[in-house]
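For reference, the structure discussed in these notes is given below.
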Amino acid sequence: MAKTVLPGARVGYVVADQLVRDAQGGLSLFADQRSKIKSMVTVNTSAVAQAVVGGALLENEYSLALANRREREVYRRNLRQVVTGLEARFGDCRGVSWNTPAGGFFVCVTVPFAVDDSLLELSARRHGVLWTPMHHFYGGTGGTNQLRVSVFQCPLIQAASCGSVAVPGGRLVIR
């Protein structure tokens with residue numbers, strides 16, 4: 001829900017109508033026990049965020065799939081555009097590969113050179129293009145020649161260039 005109904009909402013749900021036994025052997029609803037624990041370990045989700053998500057579910061027959069239908073299609077289109085652009089420009093390029101996820105917001109591109117923050121800065125300054133070096137997602141070594149490209153925003157006016165590239169000084173920049 002945090003990516004589609006209301007970015008940053010951090011609202012979830014749990015089915016908690018089961019009976020559970022406490023330490024003394026008494027029975028109570030799981031929802032009651034969970035509420036006690038949650039109140040001690042969280043700073044509570046915003047009531048406004050909960051209301052927005054709840055309203056979206058009420059308006060769509062309690063279906064997150066229906067509530068997110070339009071957004072999911074936008075993300076699918078963006079993903080297709082990026083992958084198609086990569087294939088057209090790098091399909092025969094040795095050492096360059098990428099995943100084709102079934103969904104989600106990112107494509108991971110593997111390149112035959114080191115990808116770091118200085119290359120990201122160059123890409124942003126010269127080409128206005130942002131991506132994320134994958135090494136930031138590893139606890140130790142790894143991901144040094146991979147970058148994560150977002151398909152979250154790929155506006156229609158950029159559809160023709162979404163997934164295109166520039167190669168400044170022999171280095172790959174995704175735009």
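Bear in mind that the values here come from a model prediction, so they are computed numbers and not experimental data. Side chains included, hydrogens not; waters and symmetry mates left out as well; all remaining heavy atoms used.
- When only modelled atom types and interatomic distance are considered, H136 and D117 share a side-chain donor-acceptor pair under 3.5 Å.
- The number of heavy atoms from other shown groups lying within 6.0 Å of CG (D92) does not exceed 12.
- The hydrophobic cluster containing L119 also contains V96, counting ILVMFWY residues as joined when their side-chain heavy atoms lie under 4.5 angstrom apart, directly or transitively.
- Clustering ILVMFWY residues whenever any of their side-chain heavy atoms sit less than 4.5 angstrom apart, transitively, puts F113 in the very cluster that holds L147.
- Residues D116 and P133 have side chains not in contact (no heavy-atom distance under 4.5 Å, counting atoms from C-beta outward).
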- Verify side chain to side chain contact (heavy atoms under 4.5 Å, CB included) between T132 and L120, making sure each step is shown before the conclusion. CA-CA 7 Å; T132 305; L120 169 59; over 6 Å; no
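- N145 places a side-chain N or O within 3.5 Å of a backbone atom of V111 that can act as its donor or acceptor partner.
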- List the steps and the verdict of side chain to side chain contact (heavy atoms under 4.5 Å, CB included) for C108 and Q146. CA-CA 7 Å; C108 182; Q146 294 178 311; 3.9 Å; yes
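- Listed for the N68 side chain is no donor-acceptor partner under 3.5 Å among the backbone atoms of R72.
- Remark: side-chain polar atoms of N60 are not paired, donor with acceptor, to backbone N or O of Y62 under 3.5 angstrom.
- Nearest heavy-atom pair across G95 and P112 is O-CD, 3.4 Å.
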- Task: Go through the steps to decide whether L29 and L19 satisfy the test side chain to side chain contact (heavy atoms under 4.5 Å, CB included), and finish with yes or no.
- Result: CA-CA 5 Å; L29 283 176; L19 287 175; 4.1 Å; yes
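- Judged by distance alone, the side chain of R126 and the main-chain N or O of L122 form no donor-acceptor pair under 3.5 Å.
- When side chains are defined from C-beta on, V107 counts as touching L79, because their heavy atoms get closer than 4.5 Å.
- Linking Ile, Leu, Val, Met, Phe, Trp and Tyr whenever their side-chain heavy atoms come within less than 4.5 Å puts V20 and V14 in one cluster.
- The hydrophobic cluster containing L130 also contains W98, counting ILVMFWY residues as joined when their side-chain heavy atoms lie under 4.5 angstrom apart, directly or transitively.
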- Apply salt bridge (charged side-chain N to carboxylate O under 4.0 Å, His left out) to E73 and R77, showing your working. CA-CA 6 Å; E73 186 49 45; R77 183 198 68 227; over 6 Å; no
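- F106 places none of its side-chain heavy atoms less than 4.5 Å from the side chain of M134.
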- Item | L86/V109 under side chain to side chain contact (heavy atoms under 4.5 Å, CB included): CA gap, chis, key distance, verdict | CA-CA 9 Å; L86 288 168; V109 181; 4.1 Å; yes
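- Taken to the nearest 0.5 Å, the CG atom of L27 stands 4.5 Å off from the CZ atom of R21.
- If you check the side chains of S150 and W131, you find no donor sitting under 3.5 Å from an acceptor.
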